[in-house]
Structures are given as structure tokens and as C-alpha cells.
Amino acid sequence: MRYQIWNKSDDVYTPSGTRFTAREWANRYPWVNAPGAKMIISSGLINGGTVMEFNSAKEHYKRMGAAISDEMTDAEVLAAMENFEDNPPGADEPTVEERTAAALEFLALNSLPETD
């Protein structure tokens, strides 16, 4: 997993190497103390590389086309967000370069003289 919901008690380590205690992190992002607020952070040792408010991130990913429903658990939502990032819409379609190469191959084959 790339993401997790911050438990509001663990220290947070940023990519720059700075360590924040839970209190310091909450002071840096005071909205996390609002009733019902959930903060998405990175998973792993460097867990302060991502900061997102859960509900707004969930809605954002839904609008972009991620397979997220209101019945999903928080863990399922995070997994769906990661899956969407790993498999964005159109990722399985040919790139511009691939389409150009195919068109050039077609033109080259079409320009060969006919043989009997």
C-alpha cells in the first residue's frame, strides 16, 4: 500500500528527513483535528510524502473515474485510489509514437511494388 489513514498518534517523517511528532504534525495541519477528519499520508517509513483529506481525495478520484463507491471501507477506497494510479484510463491504448510507427509501416508496405 502507498497510502494509509494517519492514526493521529504516530510520528511523521517527511522526504526531507524532518521528523514531526504527532502534535507537531497536527499543528502543521490543524484541519486534522476537526471532528471526523481523516488524513491520508504515505505508508512506510517516509510517511509524510503525501497529505490529503480523505473525503475530498475520495471524491476527486471518483470524478476522475476510479472505481470507488460509498459502500467501500476506507482501506478499499485507498486500494482503489492506488489501483487507479497504477492503471490510469487509456494506459492500455497505443501511444502516439506506436500509432505513428504503425501508420509508417502501413505506408511503407503499401508503397512496395506488386509482384506476380
Side-chain angles (χ1 to χ4, degrees):
M1 297 263 315
R2 251 189 314 277
Y3 300 128
Q4 64 180 327
I5 307 265
W6 183 49
N7 63 12
K8 301 182 185 181
S9 61
D10 289 347
D11 291 347
V12 176
Y13 296 86
T14 64
S16 67
T18 305
R19 175 185 158 264
F20 291 90
T21 65
R23 177 171 298 196
E24 291 170 332
W25 194 250
N27 286 339
R28 186 177 179 101
Y29 298 98
W31 59 264
V32 78
N33 294 315
K38 296 180 207 173
M39 178 186 283
I40 299 171
I41 61 173
S42 309
S43 59
L45 179 62
I46 309 299
N47 56 1
T50 298
V51 174
M52 295 184 278
E53 192 278 319
F54 180 81
N55 289 317
S56 59
K58 177 180 173 181
E59 291 305 313
H60 174 73
Y61 277 82
K62 280 172 68 174
R63 280 192 309 275
M64 291 192 329
I68 296 174
S69 70
D70 292 332
E71 295 77 33
M72 296 173 108
T73 66
D74 292 352
E76 290 171 331
V77 169
L78 295 179
M81 289 168 52
E82 291 179 18
N83 184 53
F84 182 80
E85 290 175 357
D86 292 341
N87 305 291
D92 57 345
E93 295 176 8
T95 64
V96 171
E97 291 82 7
E98 291 169 328
R99 290 193 311 269
T100 302
L104 290 172
E105 283 181 42
F106 174 77
L107 288 173
L109 288 172
N110 238 7
S111 67
L112 293 174
E114 289 186 34
T115 58
D116 291 328

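When a residue number appears, it is its place in the shown sequence, counting from 1.
Note: L112 CG to L107 CG = 11.0 Å, rounded to the nearest 0.5 Å. Atom CD of E59 and atom CD of E53 lie 10.0 Å apart (nearest 0.5 Å). Residue F106 holds its CZ atom at 10.0 Å from OG of S111, rounded to the nearest 0.5 Å. With rounding to the nearest 0.5 Å, the separation of CH2 in W25 from OG1 in T18 is 9.0 Å.
Between Y29 and W31, the ring planes lie perpendicular to each other; the angle is over 60°, past the 30° to 60° tilted range.
There is a path of hydrophobic side-chain contacts, each under 4.5 Å, that joins M52 to F54. At a threshold of 4.5 Å between side-chain heavy atoms, the hydrophobic network of Ile, Leu, Val, Met, Phe, Trp and Tyr places F20 and I41 in one connected group. One hydrophobic cluster, built from ILVMFWY side chains closer than 4.5 Å, cannot hold both V51 and I5; they sit in different ones. Tracing side-chain contacts under 4.5 Å through hydrophobic residues (I, L, V, M, F, W, Y), one reaches M39 starting from V12; they form part of the same cluster.
Contact check for F84 versus I68: no side-chain heavy atoms found under the 4.5 Å cut-off. The side-chain heavy atoms of Y3 and D74, taken from C-beta on, include no pair separated by under 4.5 Å. Taking the side chain as every heavy atom from C-beta outward, R2 and T50 never approach each other to under 4.5 Å. Residues E24 and N27 have side chains not in contact (no heavy-atom distance under 4.5 Å, counting atoms from C-beta outward).
Salt-bridge check for D70 with K58: passed, with a basic side-chain N closer than 4.0 Å to an acidic carboxylate O.
When all heavy atoms of S9 and A22 are compared, the pair lying nearest together is O-CB, 3.5 Å. Residues M72 and A80 share a closest heavy-atom pair of CE-CB, 4.0 Å.
Side chain of N83 to main chain of A66: no donor-acceptor pair is present (N/O by atom type, distance under 3.5 Å, no hydrogens or angles). Checked by atom type and distance alone, the side chain of Q4 pairs as donor or acceptor with a backbone atom of S42 at under 3.5 Å.
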Side chain to side chain contact (heavy atoms under 4.5 Å, CB included) between I40 and M81, worked out = CA-CA 11 Å; I40 299 171; M81 289 168 52; 4.0 Å; yes

